[in-house]
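Note: hydrogens, waters and symmetry copies are ignored here, and every other heavy atom, side chains too, is used. Letters go in sequence order (proteins before strands), and every chain restarts at 1.
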There are 2 protein chains.
Amino acid sequence: MGNSLKPAGETRAGDVLARMRSDIISCALKPGSKLRFETLRELYEVSFSTLREALSRLVAEGLVVAEGQRGFLVAPVSLFDLNDLTDVRVLVERQCIKLAIDRGDDRWEADIMAAFHRMDRLQSRLGASYYLSDEWATLHSVFHLSLVAACGSPNLLEIRQKLFERAHRYRRMSSQFRPQWRAKDVEHKMIMDRVIARDTATAQDLVDRHIRETTENVIAHASHLFAQGGTADAFRRPDPVAAE
Amino acid sequence: MGNSLKPAGETRAGDVLARMRSDIISCALKPGSKLRFETLRELYEVSFSTLREALSRLVAEGLVVAEGQRGFLVAPVSLFDLNDLTDVRVLVERQCIKLAIDRGDDRWEADIMAAFHRMDRLQSRLGASYYLSDEWATLHSVFHLSLVAACGSPNLLEIRQKLFERAHRYRRMSSQFRPQWRAKDVEHKMIMDRVIARDTATAQDLVDRHIRETTENVIAHASHLFAQGGTADAFRRPDPVAAE
DNA sequence: TTACTGCGGATTTTCGAAATAATCAAACCT
DNA sequence: AGGTTTGATTATTTCGAAAATCCGCAGTAA
């Protein structure tokens with residue numbers, strides 16, 4: 001009823017999901033902190049069931065972890081996880097790039113240039129602090145997606161997107177400490193050029209470096225925020241299929 | 001407390017989740033069919049909320065798809081998805097194998113041999129129809145996991161496990177038509193030998209072939225069950241971050 | 001002191017009814 | 001007749017209370 005400015009057809013759970021995701025990525029909800037239903041119910045003004053729905057989906061995205069019958073936690077951050085995440089992203093992104101270059105058509109190239117242009121223009125308009133803007137983050141995400149959208153593998157793209165979002169939280173953690181972000185815009189342009197030139201090997205290497213250098217940047221500026229000794233135990237590994 | 005033979009600490013949602021997963025993999029719940037709450041509520045004897053919880057988690061595993069406010073569907077199967085899934089699995093599995101061989105220790109080797117032995121013994125005991133047994137399927141899963149358990153990447157292992165489960169449904173679809181399964185036991189032994197010998201390249205190629213040949217087998221015997229023209233539209237791709 | 005046991009408060013999980021949204025068909029207008 | 005709106009039916013989503021579970025603490029015994 002009173003919902004005035006919602007995209008229409010948006011469920012309340014979907015709305016809460018988006019808000020919680022945003023709050024987790026921005027660290028308004030601190031990594032490793034316990035998510036109590038009563039607290040969240042007041043904060044987001046929804047009921048238990050709706051919360052549970054949103055929480056479940058966030059678990060799927062790896063931004064929240066479920067602890068048996070002991071509730072939910074904001075997924076902890078750690079140096080170990082960041083490095084692991086980075087390695088997996090490089091593997092996936094290299095393959096996406098290769099496939100997209102093999103399979104992409106003219107439309108794909110045009111979409112890349114359009115996405116770059118939008119991101120680039122907003123960057124100029126916002127000036128030095130563009131990296132703090134949610135809008136820029138969205139266009140940045142769209143640009144990187146456009147590079148690989150033609151890869152033809154829905155499964156790979158879905159995995160890629162989830163990893164990208166998790167990495168986004170780490171990037172965001174360091175950006176709050178770094179008034180001057182490094183010149184990613186130049187890197188983006190180079191990547192775009194090599195992708196459209198169908199230079200697979202170079203494009204892969206550039207993306208690889210792009211990801212790893214960002215990670216190194218995060219480690220340099222934000223690793224003091226990570227959980228101490230945060231190794232594997234902070235992340236439950238998949239059940240070994242409950243042997244027997 | 002009256003729960004006599006449950007592993008203790010199992011939530012009802014977790015129980016329903018396991019049963020539904022089993023029913024989807026065995027195709028008792030047909031691919032592409034609509035999952036109506038009222039029907040499921042009777043079938044599994046739980047309430048709406050509990051169902052919703054289980055459904056959400058199955059969406060995360062890719063065995064169920066959610067359609068906005070129009071309910072849930074058993075994830076459709078298609079030739080396109082099977083081929084895509086296979087390609088992604090090969091990518092992931094090759095990397096897992098490489099890392100595990102680089103990082104594995106004696107304990108890891110011992111676990112592989114133990115897992116193989118259990119699977120092998122059960123196979124002998126069950127005879128020709130071992131591939132229909134859920135127990136064998138579990139030991140098979142454990143064996144394949146043991147090969148890569150030492151890879152050191154929780155993120156990669158989690159992705160791998162989800163893909164493995166989805167592929168399991170396809171394998172299961174063809175096994176019901178094939179009274180004589182091909183000699184996978186020989187392949188398993190060869191893979192184990194090459195992995196323990198730390199022969200990375202050969203081990204990767206063997207696993208690659210193992211996966212692809214299984215897929216070809218499924219296509220040969222069960223592709224007539226797949227959705228017609230089941231291309232990308234049967235699987236929603238990740239939202240382009242809802243630009244704007 | 002240390003380990004075990006049982007109680008009390010706090011938190012999560014489950015339930016079924018109420019509210020909301022989608023579907024389908026008959027009646028209506030063009 | 002073809003296409004659109006309206007209204008009844010069905011299914012999904014949301015709600016908050018009730019049941020089950022967990023956690024800390026006090027009391028007791030070894």
In this structure, how many angstroms lie between the P atom of C/dT13 and the CD atom of A/Glu67, rounded?
11 Å
Can you check whether B/Leu122 reaches B/Tyr130 side chain to side chain, under 4.5 Å on heavy atoms?
no
Nearest-Å distance for atom pair CG/P, residues B/Leu55 and D/dT12:
10 Å
Value in whole Å for how far the C1' atom of C/dT14 lies from CZ of B/Arg12
8 Å
Whichever of A/Val46 and A/Arg70 has the more 5' nearest nucleotide on DNA chain D, that residue is A/Val46
Atom CZ of A/Arg57 to atom C1' of D/dT14: distance rounded to whole Å?
13 Å
D/dT12 C1' sits how many Å from B/Arg36 CZ, rounded?
12 Å
May I ask you to decide if the ring planes of B/His140 and B/His144 are parallel, tilted or perpendicular, using 30° and 60° as cut-offs?
perpendicular
Heavy-atom nearest nucleotide on DNA chain D for B/Gly68 versus A/Arg41: which residue maps closer to 5'?
B/Gly68
Distance test, side-chain N/O of A/Thr50 to OP1/OP2 of D/dC15, below 4.0 Å:
yes
Integer-rounded Å distance: D/dT12 C1' and B/Leu40 CG
12 Å
Is the B/Tyr170 ring parallel, tilted or perpendicular to the B/Phe226 ring (thresholds 30°, 60°)?
perpendicular
Picking from B/Asp15, B/Asp23, B/Thr39, what satisfies side-chain hydrogen bond (donor to acceptor under 3.5 Å, both in side chains) with B/Tyr44?
B/Asp23
Residues A/Glu67, A/Lys34: salt bridge by 4.0 Å N-O rule
no
note: B/Tyr44, atom OH; C/dT14, atom C1'; distance rounded to Å ~ 18 Å
Whole angstroms only, please: what is the CD-C1' distance between B/Glu38 and C/dA17?
12 Å
Against the side chain of A/Phe37, the closest entry in C/dA21, C/dC15, C/dT13 is C/dT13
Between B/Gln69 and C/dA22, is there a contact of a side-chain N or O with OP1 or OP2 at under 4.0 Å?
yes
Of the nucleotides C/dG16, D/dT12, C/dT12, which has the atom closest to the A/Lys34 side chain?
C/dT12
